[in-house]
Amino acid sequence: MLTYCVRNVLSTRASVLKTSQRSTVSLILFHSRGRCSTTWTKDLDQLRPLLQLCMDRYYISPGQTNAELFGRGMSCSYGPLGMELRRNLLEQWWHSVTSGSKAPVFGINTLSSSKDGETDGGGQVRMVESEKLKQLLQQDVSKELILQDVQALLQRSPSVRTHLLQGALEQFLPSLELVNRKLPFGLAETGLCFQPSDGSGCPAETTQMSLVWFCSPRTSSQWLDHWTRQRLKWWRKFALSPSDFSSSDVPAEELVEAASRGVRIVYNFPWGQEPLETLWSRGDAELMQTHKGARSKLQCRNGRKTVPHVISVTGNVDRGLMAFLSNSLQLLKREDSKKRLQQRKVLKLHPVLAPVKVALDIQQGSHCGAETGV
């Protein structure tokens, strides 16, 4: 789905709505084809070689807008090789937190939109038909009435999730019976979310990887450290230069609401560090709010009748894909028969992630089991 910024419509009525009033509807997702105007702040000189190579090798589709989306870690249009690489990355992430993990983690799939304002997965983005909004703004009535009509339209419109946490919190009670009301356990999900990009107020698509871990309050800090080690180990497992992946605590002033502690798994791009996964120790406030304070229903059999604490792990698939492409990029130099220096750009992807596997038997000239990424 493509997004369209409400400001493009409101600009036609700038004389009607004041700036302070426009801000009340600056986060609207339109069910129409179009794109938000964006401002790209990365150093293009450092990023352009990677983007051009990805387009030349059919990892992402050509086009400046598509390249900008990919460079910002947003969902974009992928080519054949990029789609295979992305699928491999998602499969490996899923395996690492579910069947490949000793921890009891179950997969879920929740709705990406909802008409229930209390379970909208963020509450910041609404899906509105652009024609309906244009009709409201073109009315020859007072600006107060226009604002009332717009607010009523927003309330009737379905909300679009901005994260996957809310869906896991809602699935806690049904999943609790699967584990005989015993802690700890986790719920994993991957899916599309919408987030404001670069402060423009225009929603952008991101594909998130989410693990929500429910544990005893006494062990929440240890579990946060455990998952930090596991996630960093996983990212480094497929890296050509593992040292480019690192973890760091989130400063106190940057903690999200309800979180007592946070950790970021970051990759050191040529233009600076960017987060790939973020882990939060969120306590029990959001779980209690989701289930309207029904403490007795949320209590588990862990030696004490307590409400579990929540550890969330949220990753960005597309930025992770870009990190592995950047990490695998090498410039090979060699001399040809005329002693001229030639350079060749090579992506040395891990065989598990590589979109194409090539097997050669140099002794017999037939295929064998060795794998090489291209």
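Numbers here are sequence positions counted from 1. Computed over heavy atoms, backbone and side chain alike; hydrogens, waters and symmetry mates excluded.
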Student: For Gln208, does its backbone N or O pair with a side-chain atom of Thr206 as donor and acceptor, under 3.5 Å?
Tutor: no

Student: Go through Glu286 and Val310 one step at a time and tell me if the side-chain contact (heavy atoms from CB on, under 4.5 Å) criterion holds.
Tutor: CA-CA 9 Å; Glu286 293 165 312; Val310 175; 5.7 Å; no

Student: So, are Glu189 and Arg161 salt-bridged, with charged N and O less than 4.0 Å apart?
Tutor: yes

Student: Going by heavy atoms in the side chains, are Leu240 and Leu349 under 4.5 Å from each other?
Tutor: no

Student: Side chain of Gln92, backbone of Leu89: donor and acceptor closer than 3.5 Å?
Tutor: no

Student: Test Ser246 against Asn268 for side-chain contact (heavy atoms from CB on, under 4.5 Å), laying out the working first.
Tutor: CA-CA 8 Å; Ser246 61; Asn268 188 26; over 6 Å; no

Student: Do you reckon Leu176 sits in the same ILVMFWY cluster as Leu298, going by side-chain contacts under 4.5 Å, direct or chained?
Tutor: yes

Student: Do Leu325 and Leu85 make a side-chain contact, defined as non-hydrogen atoms from C-beta onward lying under 4.5 Å apart?
Tutor: yes

Student: Do you know the tightest heavy-atom contact between Val317 and Leu90?
Tutor: CG2-CD2, 3.4 Å

Student: With hydrophobic residues grouped by side-chain heavy-atom distances under 4.5 Å, do Val313 and Leu255 end up in a single group?
Tutor: no

Student: Hey, are the side chains of Leu224 and Trp213 touching, using non-hydrogen atoms and a 4.5 Å cut-off?
Tutor: no

Student: side-chain contact (heavy atoms from CB on, under 4.5 Å), that's the test. Do Thr219 and His226 meet it? Break it down for me.
Tutor: CA-CA 10 Å; Thr219 60; His226 166 80; over 6 Å; no

Student: Please check if Phe194 and Val256 belong to a single hydrophobic cluster, counting links between Ile, Leu, Val, Met, Phe, Trp and Tyr side chain heavy atoms closer than 4.5 Å.
Tutor: no

Student: Anything under 30° is parallel, anything over 60° is perpendicular, the rest tilted; go ahead and classify Trp271 against Phe269.
Tutor: parallel

Student: Using the side-chain hydrogen bond (donor to acceptor under 3.5 Å, both in side chains) criterion, which residues pair with Trp93? Sequence neighbours excluded.
Tutor: Glu277

Student: Does some side-chain heavy atom of His163 sit less than 4.5 Å from a side-chain heavy atom of Ser210?
Tutor: no

Student: Could you tell me whether the side chain of Lys357 and the main chain of Pro351 form a donor-acceptor pair under 3.5 Å?
Tutor: yes

Student: Are more than 12 heavy atoms from other residues, nucleotides or ligands located less than 6.0 Å from atom CD of Gln289?
Tutor: no

Student: Pair Trp234, Phe245 - check side-chain contact (heavy atoms from CB on, under 4.5 Å), show working.
Tutor: CA-CA 10 Å; Trp234 182 83; Phe245 295 84; over 6 Å; no

Student: Just checking, is any N or O donor in the side chain of Glu68 or Gln64 under 3.5 Å from an acceptor N or O on the other one?
Tutor: yes

Student: I'd like to check the side-chain contact (heavy atoms from CB on, under 4.5 Å) partners of Ser61; sequence neighbours left out, ordered by chain and number.
Tutor: Asn66, Ser77

Student: Determine the minimum heavy-atom distance between Phe324 and Ala239, stating which atoms define it.
Tutor: CE2-N, 4.2 Å

Student: Could you tell me which residues satisfy side-chain hydrogen bond (donor to acceptor under 3.5 Å, both in side chains) with Asn180, sequence neighbours excluded, listed by chain and number?
Tutor: Arg301

Student: What are the two closest non-hydrogen atoms of Ala323 and Leu276, and how far apart are they?
Tutor: CB-CD2, 4.0 Å

Student: If you measure only the distance, is there a donor-acceptor pair under 3.5 Å linking the side chains of Gln166 and Thr290?
Tutor: yes

Student: What is the minimum heavy-atom distance between Ala168 and Val212, and which atoms define it?
Tutor: CB-CG2, 3.5 Å

Student: Does the Arg181 side chain pair with the main chain of Gln299, one donor and one acceptor, at a distance under 3.5 Å?
Tutor: yes

Student: Please name the pair of heavy atoms, one in Cys215 and one in Ser220, separated by the smallest distance, quoted to 0.1 Å.
Tutor: SG-CA, 3.6 Å

Student: Measure across Val250 and Val263 and return the closest heavy-atom pair with its distance rounded to 0.1 Å.
Tutor: CG2-N, 3.7 Å

Student: Is there a chain of hydrophobic side chains (I, L, V, M, F, W, Y, each step under 4.5 Å between heavy atoms) that links Leu347 to Tyr78?
Tutor: yes

Student: Once you round to the nearest 0.5 Å, how far does CZ of Arg282 lie from CG of Leu165?
Tutor: 4.5 Å

Student: So, taking the atom named CZ in Phe238 and the one named CG in Leu353, what distance separates them when rounded to the nearest 0.5 Å?
Tutor: 5.5 Å

Student: Would you call Thr314 and Leu164 a side-chain contact if the rule is heavy atoms closer than 4.5 Å?
Tutor: no

Student: Using 0.5 Å steps for rounding, measure from the NZ atom of Lys348 to the CG atom of Asn327.
Tutor: 12.5 Å

Student: Taking side chain as C-beta onward, heavy atoms only, is Pro217 less than 4.5 Å from Asp284?
Tutor: no

Student: Verify salt bridge (Lys or Arg N to Asp or Glu O under 4.0 Å) between Arg86 and Asp318, making sure each step is shown before the conclusion.
Tutor: CA-CA 8 Å; Arg86 192 173 185 271; Asp318 302 285; 3.1 Å; yes

Student: Is it the case that atom CD in Gln342 sees more than 12 heavy atoms from other parts of the structure closer than 6.0 Å?
Tutor: yes

Student: Nearest 0.5 Å, please: how far is CD1 in Ile265 from CD in Gln230?
Tutor: 11.0 Å

Student: Leu321 and Tyr58: same hydrophobic cluster, using ILVMFWY side-chain contacts below 4.5 Å?
Tutor: no

Student: Would you say that His291 contacts Lys297 through its side chain, given a criterion of any heavy-atom pair below 4.5 Å between the two side chains?
Tutor: no

Student: Just verifying a value: how many Å separate Asn88 CG and Glu84 CD, rounded to the nearest 0.5 Å?
Tutor: 6.0 Å

Student: So how far is it from Tyr267 OH to Ser326 OG, rounded to the nearest 0.5 Å?
Tutor: 3.5 Å

Student: What I want to check is whether the side chains of Arg231 and Ser96 have a donor and an acceptor closer together than 3.5 Å.
Tutor: yes

Student: Do Thr110 and Glu170 come close enough that some side-chain heavy atom pair is under 4.5 Å?
Tutor: no

